[in-house]
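Worksheet: the structure to be examined is printed underneath.
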Amino acid sequence: MDSAALQALQRDDADHHLHPFTPHRQMRASGTHVITGGDGVYLEDATGRRMLDGIAGLWCVNVGYGRSEIVDAVEQQMRQLAYYCSFFNSTTEPAIRLATKLARLAPPGLGHVFFTGSGSESNETALKLVRGYHIARGQPRRTKVIARRYAYHGVGLGSTSLTGLDTCLTPFGLPLPGFLHAPAPHRYEDPDPKRRAMSPEDYGAWCVDETRKLIEAEGPDTVAAVFAEPVQGAGGVIVPPAGYLTALRELCREHGILFVADEVITAFGRLGGWFASSMWSLEPDLISTAKGLSSGYLPIGAVMVRDEVAETLHDAGYLAHGFTYSGHPATCAAALANLGIIERENLVGYVADDIGPYFQAKLQAFAGHPAVGEVRGLGLIGALELLDNRGKVEGPLGPWFAERTREKGVIVRGIRNLIAVSPPLVITKPEVDELFAAVSATLDELA
Ligand SMILES: Cc1ncc(COP(=O)(O)O)c(C=O)c1O
């Protein structure tokens, strides 16, 4: 695209387009970054620059860009039937096929699927199914929901209320009443030096203890569900210490509280398993998914529901919930083709046994770098906590670092004083080297 055409686009963008999670005044000054193409792990922008996408879009393009197999499947479906709903005893073939496929891939016992259009819609759906379940079982007082600090669960009123980030809550006067937050297993940013000095396992046990106290203080029979991302993503890639998740899950069981795993980032291979819940044997009651389900090719999410929960809802009668696009045939066709690629190319095994360990070894090699305070990661997701020992940077280090690394042709995500990395699962070893070479160069600038 020539520069006059790009400038005109940027002007129109500034005039008319409200962007998600963007400081608009700042973006207008610098001009928005227009992306025009993608192939494998690489993107191209409107100036013709190639960049390695170290964050897979928004933690979602698991199979990489440019997969014509998904495009063909969608085209074929749209030519045959572009849309029909799944309301009122109807549906379409791709929705049935995808529900069946997901039921096979999910942890045992989660054989029912409710389709949505996004991760936020999946969590909104999970919130309502949980309430419906308790009402159907004669426990209508169970309405409170517990999530964790640093959690990110989406942008609906309910899913924002679940989110444990002040930047998401404060501007909108949220959370809504009844949404409570327990500590996350994130020692690094704990303001209390005594707790920061704990071992990761002791810190995890303290978090579970605090959650227990919260449940007891609220009254266990008023708590409907605990929502937890197995690895917290947008809140800063918080990897749970040994024993923490299973203890949290057990705590829910003890009190008849449903456990909802938000696997919007972690499902479909990111950590080296189809579902992270299986990796910790969490046996959730519900699992929220989206992102990697279609690798972002079309918007679709799915809530996996434990059979007993689904049967209880069936017995209660009419399920008065659903989106116009629940089970949209084109999005289901995209998801089926995407899951087919993940299976055929054994991308889950590739992350578990090959590229994941390689990526983690490279990431861990930054431990001890003078600009690195902590390294966290699992599978194909990682974070570096940054240190600015010489006071070079004004404001949070993450966005500064991401900007400098983007100038080197690599996209990482800046969050507070850390960067997150989560590339497409198809990334090769030389591409991992390229990604971390740019990160290393920016770390040296910061040190
Ligand atoms: C764990 C988690 N849950 C929910 C969401 C919300 O998904 P969406 O942006 O598709 O609504 C996200 C998005 O990043 C997420 O990471």
Side-chain angles (χ1 to χ4, degrees), residues 18-22 53 55-62 114-128 130 145 147-165 167-169 172 174-175 179 181 184-186 225-240 245 259-271 275-277 282 284 286-304 323 325-326 328 331 334-335 338 378-383 411-416 418 420-423:
L18 288 172
H19 290 237
F21 288 93
T22 295
D53 183 4
I55 196 81
L58 271 177
W59 332 73
C60 56
V61 188
N62 286 12
F114 197 99
F115 288 119
T116 72
S118 67
S120 300
E121 287 183 4
S122 289
N123 284 324
E124 297 294 337
T125 297
L127 281 167
K128 283 178 69 182
V130 158
V145 186
R148 281 123 15 109
R149 299 195 190 110
Y150 300 103
Y152 183 78
H153 294 294
V155 295
L157 277 182
S159 45
T160 300
S161 295
L162 286 171
T163 292
L165 297 165
T167 46
C168 296
L169 294 167
F172 303 104
L174 293 170
F179 286 83
H181 292 95
H186 185 42
V226 167
F227 277 63
E229 301 154 84
V231 169
Q232 292 180 253
V237 183
I238 298 164
V239 179
L245 278 176
F259 182 78
V260 184
D262 181 347
E263 293 224 33
V264 168
I265 289 177
T266 56
F268 312 115
R270 169 77 38 211
L271 301 185
F275 288 87
S277 296
L282 294 180
L286 295 96
I287 302 179
S288 297
T289 75
K291 297 194 188 273
L293 175 54
S294 68
S295 285
Y297 277 65
L298 282 179
I300 180 169
V303 183
M304 308 300 305
F323 306 96
Y325 302 131
S326 286
H328 188 295
T331 67
N338 171 64
L378 193 66
L380 219 47
I381 189 167
I411 299 175
V412 298
R413 172 143 172 202
I415 303 169
R416 300 189 299 280
L418 65 98
V421 191
S422 148

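As the structure lists them, so they are numbered: ligands from 1, and atoms in each ligand from 1.
Asn62 places a side-chain N or O within 3.5 Å of a backbone atom of Phe268 that can act as its donor or acceptor partner. No donor-acceptor distance shorter than 3.5 angstrom exists from the side chain of His186 to the backbone of Val239, with no hydrogens or angles considered. In this structure a side-chain-to-backbone donor-acceptor pair under 3.5 Å is missing from Asp262 to His153.
Side-chain atoms of Val130 and Val145, non-hydrogen and from C-beta on, never get closer than 4.5 Å to each other.
Only side-chain heavy atoms of Glu229 come within less than 4.0 Å of ligand 1; its backbone N, CA, C and O stay farther off. Contacts with ligand 1 closer than 4.0 Å are made by side-chain heavy atoms of Asn123 only, the backbone lying farther away. In Lys291, the part holding a heavy atom less than 4.0 Å from any atom of ligand 1 is the side chain.
Under the side-chain hydrogen bond (donor to acceptor under 3.5 Å, both in side chains) criterion, Ser422 pairs with Arg270, sequence neighbours left out.
When only interatomic distances are considered, the shortest N/O to N/O separation between Gly119 and ligand 1 falls below 3.5 Å.
Given atom 9 (O) of ligand 1, the protein heavy atom at minimum distance is Ser120 OG, 4.4 Å. Atom 2 (C) of ligand 1 has as its closest protein heavy atom Tyr152 O, 3.3 Å.
For Phe259 and Phe227, the gap between ring centers reaches or exceeds 6.0 Å.
Listed by number with element, the atoms of ligand 1 under 4.0 angstrom from any heavy atom of Ile265 are 16 (O). Atoms of ligand 1 found under 4.0 Å from any heavy atom of Ser118 (numbered from 1 in listed order, with element): 10 (O), 11 (O).
Residue contact annotation: Asp262 has a non-hydrogen atom under 4.0 Å from ligand 1.
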Do Val264 and Tyr152 pass the side chain to side chain contact (heavy atoms under 4.5 Å, CB included) test, and can you show the C-alpha distance, the side-chain angles, and the key distance before you say yes or no? CA-CA 10 Å; Val264 168; Tyr152 183 78; over 6 Å; no

